[in-house]
Amino acid sequence: MRMRMPFGGCRQGETGGKRKSLLFLKKKKQKDFYPFGGDTPTPMCPHAKGAKVFCFFFSKKKFFLLFLLSSPAHADRAQTIVAAMTQAEKLTLLRGYFAISQHRKPADAIGSAGYVPGIARLGIPALQETDASLGVTNPDDVRPGDTAVALPSGVATAATFDPQVAYRNGAVLGREAAARGFNVVLGGGVNLAREPRGGRDFEYAGEDPLLAGLMVGAAVKGVQDQHVICTVKHFAVNDQESQRTTLNVVTPWPALRESDLLAFEIAIARGHPGAVMCAYNRIGGAYACENPVLLTSILKQDWHFPGFVMSDWGAVHQVGAFTAGLDQESAADLDSQAFFGAPLKAALANGTVTQARVNDAVTRILRAMDQAGLLDKPAKPAESVPADIATARQAEAEAIVLLRNEKNAALPLPHTLKTLLVVGANSDAGVPAGGGSSQVTPVSGYARRIELGNDGMQGYFRVAAFDPPAPLATLKARLPGTRILWADGRYPRQAILLAHRADAVIIFADQWEGESSDVPDLSLPSGQDALIAAVAAANPRTIVVLETGGPVLMPWRNKVPAILEAWYGGSGGADAIADVLLGKINPSGRLPITFPVSETDLPNPVVAGMYQSPGAAVSVDYPEGSDAGYRWYARTGKTPLYPFGFGLSYTHFALINLQVEGGQTLVISFDVKNTGPRPGADTPQAYVTSRAGKPGLRLIGWTRRTLAPGETQRVTITADPRLLADFAPARSMWHLSGGSYRVAVGPDAATPTLTGAANIDDHLLPP
Ligand code: BGC
């Protein structure tokens with residue numbers, strides 16, 4: 001077995017200090033150091049060419065430290081190419097073009113969000129950049145008639161707590177992108193969902209840095225294994241859409257290091273993205289794409305990121321962004337001027353930008369291309385739509401969270417029902433998709449599109465689209481002996497009358513989320529709360545299927561026997577929902593985001609800047625600091641409606657026999673047993689609940705185990721020490737205070753089934 005590095009990464013140019021800090025691992029017995037994914041040392045060190053790299057190898061009997069120090073004279077391939085480039089060629093790679101207009105796009109562009117010309121003389125291909133967080137997009141139908149498989153939303157994928165699902169999704173994205181000739185996927189959204197009304201929470205991977213980092217890192221690796229560069233975005237703290245292009249986040253850096261930035265750090269260490277896309281907002285006064293602390297000190301120096309930073313579309317405001325650490329201006333035609341064009345040349349001429357910085361930026365871009373294999377002209381892969389839809393369906397089936405199943409009786413639905421009523425939420429058309437640049441034109445085309453209105457960018461993005469097939473048709477096909485009635489839900493009286501005649505009711509309820517605006521509150525819109533309450537009063541066997549981007553309030557919760565959270569399900573959505581409702585799949589999803597009882601429990605009762613005029617100078621100091629999501633509920637003693645990590649099953653599980661070891665980190669072992677009647681998957685989670693006397697809840701690991709009835713498995717989780725640390729700004733290092741660390745293991749963040757403690761040695765870790 002091989003020992004894995006913390007967060008699974010080998011770093012470039014590490015020194016003896018790092019070596020010392022990691023040697024403690026030698027003392028430990030082999031554990032599931034990271035029970036997630038299956039990295040091997042080689043892909044962990046893809047940037048090793050010509051660099052000093054430490055890799056750790058471990059066998060059951062022996063532990064070897066292999067220190068590879070290759071000659072610095074071995075310049076990497078990127079540097080060799082840079083040495084052969086003219087200045088004009090170098091500058092070509094630093095400026096991108098907007099490519100979504102059929103009429104205005106550069107001649108060689110396939111048609112997508114962005115394009116950077118190549119250099120044929122040197123065999124450098126053009127960068128053809130497509131949005132593909134949830135499927136390859138086709139904005140404005142720039143490639144007439146092109147459709148793609150829509151994967152479940154990012155938050156849905158996170159709800160699987162299964163990095164292998166994220167990896168497989170990433171592989172679908174990478175393959176479908178490459179099959180169309182794209183070589184850059186603008187994916188990897190890893191902003192923390194600290195604001196549950198955030199308009200892009202559906203694209204991201206929840207509120208916890210470890211979960212988000214591991215899931216997005218796995219997805220990025222899945223994309224890049226298809227010879228396509230993947231980004232992680234939006235770096236950083238683009239955690240809300242209100243005022244996104246001007247918002248100034250003034251939450252202190254150490255708090256961000258322990259939350260938002262940690263999610264990026266983990267995703268980068270696990271996925272090795274070729275590029276990082278910086279965000280629209282400001283942090284500590286400076287725009288993210290012009291922020292030297294963020295881009296240079298943290299990303300490039302502390303984390304040794306070897307790839308390049310590209311800007312978000314229209315996020316550059318001055319040529320100084322280049323010296324701050326931005327390497328490539330994306331779609332420069334969207335900025336007030338193409339700063340990395342003539343102004344960059346002028347800055348070079350007057351000495352405010354150095355040639356070394358230009359060479360560094362170009363080297364980074366070429367290194368990312370080389371790492372993804374783009375310089376070797378990879379063959380176009382074949383696409384298989386049926387196989388990719390099957391992957392999407394499987395991902396969604398694992399993502400659906402069973403929130404309620406009274407007396408375990410309401411679900412699964414028996415196939416013997418005489419009459420079933422299906423209500424609402426466009427269930428006759430498809431499953432909802434989130435709006436904005438991630439919106440996929442699904443295979444077979446949109447099932448329905450409803451323009452929600454507004455002007456400018458908001459109007460453009462505010463389209464509620466639905467992916468086929470329809471849940472109604474799918475249920476009809478799956479229940480041939482059942483009479484299925486349908487009501488659209490616009491007239492509650494009609495739904496009530498039909499509910500009286502049915503043996504059971506499935507009511508679909510949706511909430512639309514989209515880029516560039518946040519949802520005003522967490523209620524289900526358009527009277528759906530009242531509709532559910534009325535239908536439930538008419539038929540006690542009313543099952544609610546939520547199709548939301550994130551949390552919603554549920555004033556009717558105690559009136560219905562069963563609730564499923566199905567998120568935005570994508571091309572496999574309707575089938576996966578039917579699989580879970582009918583018991584073909586035993587639900588195993590877990591909430592990657594807390595569902596609050598009320599907005600008054602949120603750190604910010606109103607989204608900062610939501611009601612100010614567009615572009616207002618708004619600053620926000622997120623009051624929860626590093627305690628985003630469930631950590632905030634633990635800190636304030638508030639009880640959520642459904643806690644982070646929560647999810648039921650059609651079977652039951654028990655957690656027993658906890659053991660906790662300390663030292664340099666926590667090693668937690670316990671048994672998980674399926675005590676119920678069916679096979680099923682459980683996701684027990686380990687949290688630290690206090691560190692050297694300082695209370696505070698943090699997820700430090702989990703495992704997802706599929707168990708037969710009566711089966712028991714022993715689990716061991718070893719915490720990455722950074723999850724136990726505070727970021728100490730004075731030393732710019734992670735600090736683990738010495739003392740007793742308390743641990744809870746349970747089915748979610750609010751249920752400490754097993755508790756224990758162990759001592760941790762006082763020590764520091766590099767940033
Ligand atoms: C979004 C990015 C996206 C880019 C290109 C921006 O508005 O924030 O996520 O990749 O557009 O479409």
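Both counts, for ligands and for their atoms, begin at 1 and track the order of listing. We use all heavy atoms of the structure for the numbers below, so side chains are in, but hydrogens, waters and symmetry mates are not.
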Trainee: Which heavy-atom pair separates Glu329 from Gln337 by the least distance, and what is that distance?
Mentor: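 What the structure gives for the nearest pair is OE2-O, 3.5 Å.
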Trainee: Between Lys105 and Asp140 (salt bridge meaning N to carboxylate O under 4.0 Å), is one present in this structure?
Mentor: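 Judged by the 4.0 Å cut-off on N to carboxylate O distance, Lys105 and Asp140 do not form a salt bridge.
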Trainee: If you apply the rule side-chain contact (heavy atoms from CB on, under 4.5 Å), what do you find for Trp303 with Leu261, and how did you get there?
Mentor: CA-CA 11 Å; Trp303 298 351; Leu261 296 180; 4.0 Å; yes
Trainee: At a heavy-atom distance under 4.0 Å, which protein residues reach ligand 1? Sort them by chain and number, would you?
Mentor: Ala113, Asp131, Leu186, Arg200, Lys233, His234, Arg244, Met277, Tyr280, Asp312, Trp313, Ser437, Glu515
Trainee: Could you work out, with ring pair (Phe, Tyr, Trp, His ring centres under 6.0 Å) as the rule, every residue matching Phe322, not counting sequence neighbours?
Mentor: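 Residues passing ring pair (Phe, Tyr, Trp, His ring centres under 6.0 Å) with Phe322: Phe340.
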Trainee: Output side-chain donor-acceptor pairs under 3.5 Å for residues 305-312, partner residues at least two apart or in another chain, one line each.
Mentor:
residue : atom : partner : partner atom : Å
Ser311  : OG   : Ser330  : N            : 2.9
Asp312  : OD1  : Tyr280  : OH           : 3.4

Trainee: Show me the pairs that pass salt bridge (charged side-chain N to carboxylate O under 4.0 Å, His left out) and involve residues 225-241, at least two apart or across chains.
Mentor: Asp131-Lys233, Arg194-Asp239, Lys221-Asp225, Glu241-Arg244
